[in-house]
Each structure stands twice: as C-alpha cells, then as structure tokens.
Amino acid sequence: MELIQEALKGSERAIARLITMVENEMPSWRETMRTIYAHTGKAYLLGFTGPTGSGKSTLVDRVAHLLCTNGYSVGIVAIDPSSPFTGGALLGDRIRMREVVTHENVFIRSLGTRGGLGGLSQATSDVIKILDAAGKEFILIETIGIGQDEVEIAQIADTSIVVSVPGLGDDIQTIKAGIMEIGEIFVVNKADREGADHVVTMIKAMLDVHPLSDAWQQPVIKTVATENGGVDELYENIMLHRKYLLKSDLLAVKRKERIGREITRLLERRIAQYVHNQMKEIGSLEDLVEEVTRRETDPYSCVDRLLPLVEKK
Amino acid sequence: MAEKKIRAMVAKPGLDGHDRGAKIIARALRDAGMEVIYTGLRQTPEQIVNAALQEDIDVLLLSILSGAHNHLFTAIMKGLQEKDMAQVLVIGGGVIPQEDIPNLKQAGISETFGPGTSTETIIAYIKDNLPS
Ligand SMILES: Nc1nc2c(ncn2[C@@H]2O[C@H](COP(=O)(O)OP(=O)(O)OP(=O)(O)O)[C@@H](O)[C@H]2O)c(=O)[nH]1
Ligand SMILES: [Mg+2]
C-alpha cells in the first residue's frame with residue numbers, strides 16, 4: 001500500500017493517516033500492521049506515568065527537547081482519558097509541549113483511552129509501531145496513572161518513569177504497590193514545592209535497594225520541570241538505564257516478554273469480539289435475563305447453555 | 001470495527017491571552033462525543049497547521065478575537081492546503097466584524113459564529129458539514 005511506503009519514508013501526513021486507520025480499526029488495519037511490523041523494533045520506548053497534573057507533559061517536553069538537541073528523532077504519544085459515557089475526550093497535553101514543537105522531526109499524537117476490550121493498549125502499541133517504523137529513534141509515551149492502564153503501559157516501555165509530586169498526602173495513593181515494581185526511574189516533580197524531600201525519602205524506603213547487587217538501582221530524582229531543574233539528571237539516568245538494559249541483554253528479554261503478551265492480548269481480543277458478535281447473532285440475551293430475573297435459572301447456568309452456541313461455527 | 005471518532009482541534013492564533021471561550025467550546029465538543037485537541041494560547045499558524053497534520057483532525061475551530069487577525073487565518077488556510085489537509089472543516093468563532101466575513105470565507109473558512117452562538121448550533125453545524 002502506498003500510504004505505508006510514504007509513512008516508512010517519514011511523511012507526516014501518511015503517518016497521521018495510518019494512525020487514524022489503525023486507531024479506528026478500519027477494515028485493513030491488521031493487514032497494515034502486518035506490513036509495518038517488519039520495520040519495527042528499532043525505537044527505544046520511554047513511558048511516563050503518574051497522577052493528573054503531576055507535570056508529565058512538561059517533563060516529556062523537556063526530555064524530548066534534550067533528545068532532539070542530541071540529534072535523535074522523536075515521537076510522542078500522549079494519552080488522556082475518554083469519557084465512558086459520551087466517548088469524548090479532551091486531549092490537552094500539547095498545551096505543555098511548547099519547547100519540543102520548535103524542533104523538526106518530532107511527531108506528537110494525542111490519543112483518548114476510548115476503552116473497551118483492551119483497546120487502549122492495542123491502539124497505543126500499534127501507534128508506537130507506526131512511529132518506530134517511520135524512523136523515530138525515541139518514542140515517549142505519556143499516560144495518566146489509573147489502575148490497569150498504567151501497568152499495561154509500563155509494560156509497553158523499555159524504561160518506565162513514574163512521576164509523583166509533593167502534597168498528595170502521606171498514604172501516597174499515587175505510589176501503589178504495583179507501580180513500585182514497574183518504575184525504573186522515579187521522579188519527584190514540582191520539587192519547588194514543600195515536601196519534595198519527604199516524598200523522596202518515602203519512595204526510597206519503599207524501594208528494595210541492594211547496594212551490592214549489580215541489578216538496576218532505581219534512582220529517585222527531584223525535578224522542577226517548568227524551570228528545567230533536574231531534567232539533565234533525568235536524561236542521564238534514562239541513558240544509563242538504556243545502557244544497562246543493552247549491556248545485560250535484559251532489553252531483549254523484556255522485548256520478548258512484550259511480544260508474548262501482545263500475541264496473547266490479540267488472541268484474547270479476537271475471542272472477545274467473536275463472543276460479542278455471536279451473542280448478537282444468538283440474540284436471546286434478553287430472554288435469558290428475564291428467566292434469571294424470575295429466578296428460573298441463574299447466570300452461571302446461562303453460560304453453560306450459551307457456550308456450545310458460541311463455540312459453534 | 002470501531003466507529004470513526006470525530007477529531008476536532010481548538011486553536012487560538014495570535015497573541016491575546018484569553019482562552020475562556022476556546023475552553024468552553026472544547027468542553028462542549030467533548031461532551032458531544034468528539035476527541036478534542038486543545039493546543040493552548042499563542043500558537044503560530046505554522047504550529048497550528050503542524051498539529052492539525054499530526055493529529056489528523058476533521059475539524060479546526062479557530063478562536064477569533066478581531067478582524068486584525070485576518071492574515072493569520074489566511075496563513076493557516078494556506079498551510080492546510082499545502083499539507084494536503086484541505087478537507088479539514090475550518091470554523092471561526094468570536095467577535096468578527098461583519099465586513100471581514102466575506103474575506104474569511106474566501107480564504108476557505110466554512111462558517112463563522114459570533115459570540116453568544118449556542119454550542120449546540122456549532123455542534124450541529126459540524127455534524128452536518130463533515131464529509132462522510
Ligand atoms: N510549580 C511547578 N509547577 C509545575 C512543575 N511542572 C509542571 N508544573 C505545572 O503543573 C501543571 C500540570 O502540568 P502538566 O505537564 O500538564 O501535567 P500532566 O501530568 O501532564 O497533567 P495531565 O496530562 O493533565 O495528567 C502545569 O500548570 C504546569 O505548568 C514544577 O516542577 N513546578
Ligand atoms: Mg499531560
């Protein structure tokens with residue numbers, strides 16, 4: 001397909017249109033991704049996750065700016081939540097991406113979570129692949145930290161950066177157990193505010209640090225993104241982690257795990273969609289609901305009855 | 001197959017530091033089920049065109065404060081054409097002097113809406129005028 005060839009050569013219009021196609025799962029999206037896939041695996045992926053307003057976009061802007069300055073071509077995928085009721089979304093991350101847009105060779109795409117059937121992770125990883133195939137050397141992914149999404153997105157990245165800020169309370173809802181294991185670099189942004197050192201201490205206490213092991217020691221870095229404070233240190237640590245992964249061969253291990261998860265997820269989605277369609281065709285859900293409401297049967301038995309019908313064909 | 005979402009971008013070219021109107025319309029479009037990219041204040045025509053291109057938008061809403069900005073809109077329209085984005089539906093909103101409207105339309109702006117236009121009217125216009 002001509003559009004793919006153009007995107008591979010770096011045409012922004014072609015990249016943008018491919019993304020739209022794949023994000024909407026238009027009829028030929030799978031075919032498109034098959035062709036694209038052969039050209040992927042070269043980009044290095046950075047994930048930024050953290051609570052709303054913690055300064056992720058500002059940090060992404062600053063790190064991307066440094067990458068550009070050092071001669072890398074950069075892609076950015078910025079994800080904001082979609083309303084589960086209307087499906088609409090306000091995608092405002094570009095507001096804070098002011099420095100990076102002055103460089104050429106930067107492609108920014110905003111995505112809504114849209115939701116449903118693991119759609120976010122699939123769309124996100126497909127968009128990343130398109131940017132990768134189009135020759136972006138570093139791809140930065142921004143997501144708000146909500147539940148499952150943040151874990152999935154962290155798994156998508158080669159280096160996961162967890163952003164927190166002072167003033168969110170001592171119990172630190174924002175640094176949940178799961179995220180502590182996922183973070184490879186911790187950032188305490190808005191360090192111009194009171195309490196930053198306290199947050200640093202708390203994160204360090206939660207981390208399992210073994211000073212003598214040669215495993216990666218997760219750094220905790222204070223930043224003031226708006227003033228560019230600490231951003232150089234963050235950048236250096238990103239590069240150090242990348243070097244660590246490359247040298248220890250852990251990057252290859254990580255990426256293999258990712259491929260395994262992706263195959264599983266694609267299969268699960270296909271099955272889920274298949275069940276969804278079959279259910280529509282069988283069309284007796286309402287009758288079953290009535291039966292269950294009258295307590296003539298129960299949801300568990302309904303599944304036993306439906307299974308052979310769904311499996312058929 | 002998922003339904004194709006309408007992607008809109010709300011932009012405010014020029015240097016005036018006011019974006020209340022732009023934010024209100026952005027929220028209304030979101031509540032109408034669209035994905036709305038908001039770029040914030042003080043964007044150059046080039047940056048607006050570039051964002052429109054990368055975000056592959058269907059609709060561009062330009063917040064207009066005065067006719068003095070005519071040259072900015074002309075630059076944006078020209079940029080869109082050059083980047084093969086002429087199909088984008090471009091709408092202007094704000095206090096637009098009556099005598100400027102013909103010029104704006106000639107530059108390729110589909111419609112203009114004065115202050116006090118209900119967001120429903122704008123949403124209906126978008127839905128009716130998007131190429132299907
Ligand atoms: N004081 C202070 N403000 C900051 C700092 N970094 C970012 N901000 C401000 O915090 C606000 C939110 O910043 P964003 O970069 O949009 O945060 P975000 O995490 O991307 O927000 P969402 O995408 O909405 O979740 C903005 O007004 C920034 O200017 C900082 O280090 N110190
Ligand atoms: Mg953001």
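Values in this document were obtained by computation on a predicted structure and should not be read as measured data.
With a 4.5 angstrom heavy-atom cutoff, Val106(A) touches chain B only via backbone atoms. With a 4.5 angstrom heavy-atom cutoff, Asp84(B) touches chain A via backbone and side-chain atoms both. Contact annotation for Ala8(B): neither backbone nor side-chain heavy atoms come within less than 4.5 Å of a heavy atom of chain A.
Heavy atoms only, all atoms of each residue included: Gln54(B) and Arg109(A) are closest at O-NH1, 2.8 Å. Minimum heavy-atom separation, Asp31(B) to Thr86(A): O-CG2, 3.4 Å. Across every non-hydrogen atom of Leu91(A) and Arg7(B), the tightest pair is CD1-NH1, 4.1 Å.
Surrounding CZ of Arg98(A) are more than 12 heavy atoms belonging to other residues, nucleotides or ligands, all under 6.0 Å away. Counting non-hydrogen atoms of neighbouring residues, nucleotides and ligands closer than 6.0 angstrom, the NZ atom of Lys280(A) reaches no more than 12 such neighbours. With a 6.0 Å radius and a threshold of 12 heavy atoms from other residues, nucleotides or ligands, Glu99(B) has its CD atom above the threshold. For CD of Gln106(B), the number of neighbouring non-hydrogen atoms (other residues, nucleotides, ligands) closer than 6.0 Å is 12 at most.
With salt bridges taken as basic N to acidic carboxylate O contacts below 4.0 Å, one links Arg114(A) and Glu35(B).
Using a 4.5 Å heavy-atom threshold, the side chains of Arg30(B) and Ser83(A) count as separate. Asp56(B) places a side-chain heavy atom less than 4.5 Å from the side chain of Arg13(A).
Only one option out of Val36(B), Leu29(B), Ile37(B), Val10(B) pairs with Leu90(A) in a side chain to side chain contact (heavy atoms under 4.5 Å, CB included); it is Val36(B).
Separation of atoms OG1 (Thr39(B)) and CD1 (Ile108(A)) is listed at 11.0 Å; rounding is to 0.5 Å.
Interface summary for chain A: among Glu46(B), Arg27(B), Gln43(B), Met9(B), the most heavy-atom pairs under 4.5 angstrom belong to Gln43(B).
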